[in-house]
Amino acid sequence: MALLNFGGVEENVVTREEFPLDKAREVLKDETIAIIGYGVQGPGQALNLRDNGFNVIIGQRSPSKTYDKAVADGWVPGETLFSIEEAAEKGTIIQYLLSDAAQIEVWPTLKPYLTAGKALYFSHGFGITYKDRTGIIPSDDIDVILAAPKGSGTSLRRLFLAGKGLNSSFAIFQDATGKAMDRVIALGIGIGSGYLFETTFKKEVFSDLTGERGTLMGAIQGLFAAQYDLLRSRGHSPSEAFNETVEEATESLYPLIAENGMDWMYANCSTTAQRGALDWWKKFRDATRPVFEELYDSVQSGNEAQLSIDSNSQSDYRVKLEKELEELRESEMWRAGRTVRGLRPQNK
């Protein structure tokens, strides 16, 4: 583990050079990795681990669409694809990649198979951090570890296939065997992480819930909607409003930020754009900081966790979710987006 300096702050990180794939394979050569759940994170992590030469099996309920997806991805029923109970029994490392709500529901089924010496792996700190609310309380004779890719399972897989990696955090909640560190780093490398940075279960879930509700999804949709609606109200066409709000950001400017940072993106825009951005960014920071303070406090208090548990455990959750997603999908802004995407040259 290397101690690297990030803007004057030192952090523990692990790179592929320091912990190469061959070392990860050696650490896990006698392990059977049972991935429980084949929804958001499951496919990307499972396929990357399989392609990297690890012994992987899937535990998934049948019949279900995700079971059918697993079969389509090459997992063989009775050989590498099993019921949740069978996979958990066979696995020495259990990657618990169900949704937070499903983890709560399935925990009584899974827990008996978490026998001494096994490892329980998460990609989100929710279940353990809020264990008093979720009921997910592991026995003290197993390792409890976390590797959390900083992106969706789809992105993890796409970057892997492109020969790249998605950065991940890692944490150890419980080291019962003395092997927890090697196990979690090997798994982090195996799933295709670019590099791994150390955190705790609590910090992971606090930052993750804040990020999802903030700049990753909630805040960015709010900013897009505010600017789009403003431009439309001032007489701009849907095409102009969408291109100036979303298309230029996602197709042109955000990739420049990812490439070399915000200052580099500024330097590659017009001097007029530079001046305006430099004059206005602090106004937006100051205007939104109170909202982020409120958001983080809601996460820290457990209120966001309880809202998620209450909502996602309802029998009609999927129906309600679809209605809310439809509201986004059928808004004028995102209907304009469908049209704009269809006009991109590569889509013709």
Side-chain angles (χ1 to χ4, degrees), residues 6-7 9 11-13 39-42 44-45 96-101 103 121-130 133-134 146-159 164-171 173 188 191-227 245-246 249-250 253-259 261-262 265 281-282 284-309 311-312 321 324-325 328:
F6 289 84
V9 178
E11 291 188 37
N12 289 325
V13 303
V40 176
Q41 280 290 335
Q45 294 198 32
Y96 205 26
L97 300 182
L98 294 166
S99 69
D100 295 327
Q103 285 185 15
Y121 165 112
F122 294 86
S123 282
H124 189 28
F126 191 98
I128 293 294
T129 298
Y130 302 112
R133 299 169 187 260
T134 65
L146 174 147
K150 296 299 103 181
S152 70
T154 299
S155 298
L156 183 72
R157 182 61 176 167
R158 286 178 178 173
L159 287 168
K164 301 177 182 179
L166 191 64
N167 300 331
S168 302
S169 60
F170 76 93
F173 178 77
I191 64 174
S193 301
Y195 78 89
L196 295 149
F197 60 93
E198 190 172 20
T199 187
T200 66
F201 272 65
K202 182 179 289 187
K203 287 180 179 177
E204 190 283 329
V205 76
F206 284 8
S207 62
D208 189 73
L209 292 184
T210 300
E212 289 168 349
R213 287 149 179 77
T215 61
L216 302 179
M217 296 172 68
I220 202 67
Q221 164 61 18
L223 286 171
F224 282 165
Q227 180 171 303
T245 299
V246 179
T250 57
L253 300 184
Y254 290 176
L256 297 182
I257 299 170
E259 192 173 338
M262 185 69 79
M265 187 271 278
W281 80 264
K282 292 180 181 178
F284 282 104
R285 178 199 62 190
D286 295 344
T288 58
R289 178 61 187 258
V291 181
F292 279 100
E293 294 280 1
E294 180 184 354
L295 167 57
Y296 194 89
D297 288 345
S298 185
V299 170
Q300 191 172 39
S301 70
N303 184 55
E304 291 300 309
Q306 195 61 53
L307 287 171
S308 295
I309 292 169
S311 173
N312 298 347
L321 173 64
E324 291 183 276
L325 293 177
L328 281 179

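The structure presented is a predicted model; accordingly, all values stated were derived computationally and were not measured. We use all heavy atoms of the structure for the numbers below, so side chains are in, but hydrogens, waters and symmetry mates are not.
Ring orientation note: the planes of F6 and Y195 are close to parallel, at an angle under 30° on the 30°/60° scale. Between F224 and Y254, the ring-plane angle classifies as parallel under the 30° and 60° cut-offs.
Open room surrounds CD on E294; 12 or fewer heavy atoms of other groups in view lie less than 6.0 Å from it. In K202, the NZ atom is not crowded: 12 or fewer heavy atoms of neighbouring residues, nucleotides or ligands sit closer than 6.0 Å. Applying the 6.0 Å contact sphere to CZ of F284 captures no more than 12 heavy atoms from other residues, nucleotides or ligands.
Closest approach of G165 and L159 over heavy atoms only: O-CD1, 3.9 Å. Considering every non-hydrogen atom in both S123 and P149, the closest pair reads OG-CD, 4.0 Å. Annotation for E204 and A148: closest pair OE2-CB, 3.7 Å, computed over non-hydrogen atoms. Of all heavy-atom pairs spanning F197 and E11, the tightest one is CB-OE1, 4.1 Å.
Evaluation of the salt bridge (charged side-chain N to carboxylate O under 4.0 Å, His left out) rule for R285 yields no partner, not counting sequence neighbours. In this structure Y130 satisfies the ring pair (Phe, Tyr, Trp, His ring centres under 6.0 Å) test together with F126, sequence neighbours excluded. For the salt bridge (charged side-chain N to carboxylate O under 4.0 Å, His left out) test, no residue two or more places apart in sequence or in another chain qualifies with E324.
Separation of atoms CE (M262) and CD1 (I257) is listed at 4.0 Å; rounding is to 0.5 Å. A distance of 11.0 Å separates NZ of K150 from CG of L196, quoted to the nearest 0.5 Å. Taken from CZ in F206 to CD in Q300, the straight-line distance is 5.0 Å, to the nearest 0.5 Å. Atom-to-atom distance recorded for Q41:CD and T154:OG1 is 8.5 Å, nearest 0.5 angstrom. With values rounded to the nearest 0.5 angstrom, L216 atom CG is found 13.5 Å from Q221 atom CD. Taking CE of M265 as the reference point, atom CG of L256 lies at 7.0 Å (rounded to 0.5 Å).
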Is there a side chain to side chain contact (heavy atoms under 4.5 Å, CB included) between D100 and I309 once you walk through the steps?
CA-CA 8 Å; D100 295 327; I309 292 169; over 6 Å; no
Just do the side chain to side chain donor-acceptor pair (under 3.5 Å) check on T245 and Q227 with the steps written out, would you?
CA-CA 7 Å; T245 299; Q227 180 171 303; 3.3 Å; yes
Could you walk me through whether F292 and T215 pass the side chain to side chain contact (heavy atoms under 4.5 Å, CB included) test, one step at a time?
CA-CA 10 Å; F292 279 100; T215 61; 3.9 Å; yes
Please lay out, stage by stage, how F173 and L146 fare under the test side chain to side chain contact (heavy atoms under 4.5 Å, CB included).
CA-CA 8 Å; F173 178 77; L146 174 147; over 6 Å; no
Evaluation steps, side chain to side chain contact (heavy atoms under 4.5 Å, CB included), between I191 and Y121
CA-CA 12 Å; I191 64 174; Y121 165 112; 3.7 Å; yes
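Looking at S193, its side chain does come within 3.5 Å of a backbone N or O of G188 through a donor-acceptor pair. Panel note: side chain S301, backbone S298; a donor-acceptor pair is recorded below 3.5 Å. Looking at S155, its side chain never comes within 3.5 Å of a backbone N or O of G151 through a donor-acceptor pair.
Residues L295 and V291 are not in side-chain contact: their nearest non-hydrogen atoms beyond the backbone lie 4.5 Å or more apart. Within the 4.5 Å cutoff, side-chain heavy atoms of H124 are placed close to those of D208. Under the 4.5 Å side-chain criterion, counting only non-hydrogen atoms from C-beta, L97 is in contact with Q45.
Using modelled atom types and a 3.5 Å distance limit, the side chains of S169 and T199 yield no donor-acceptor pair.
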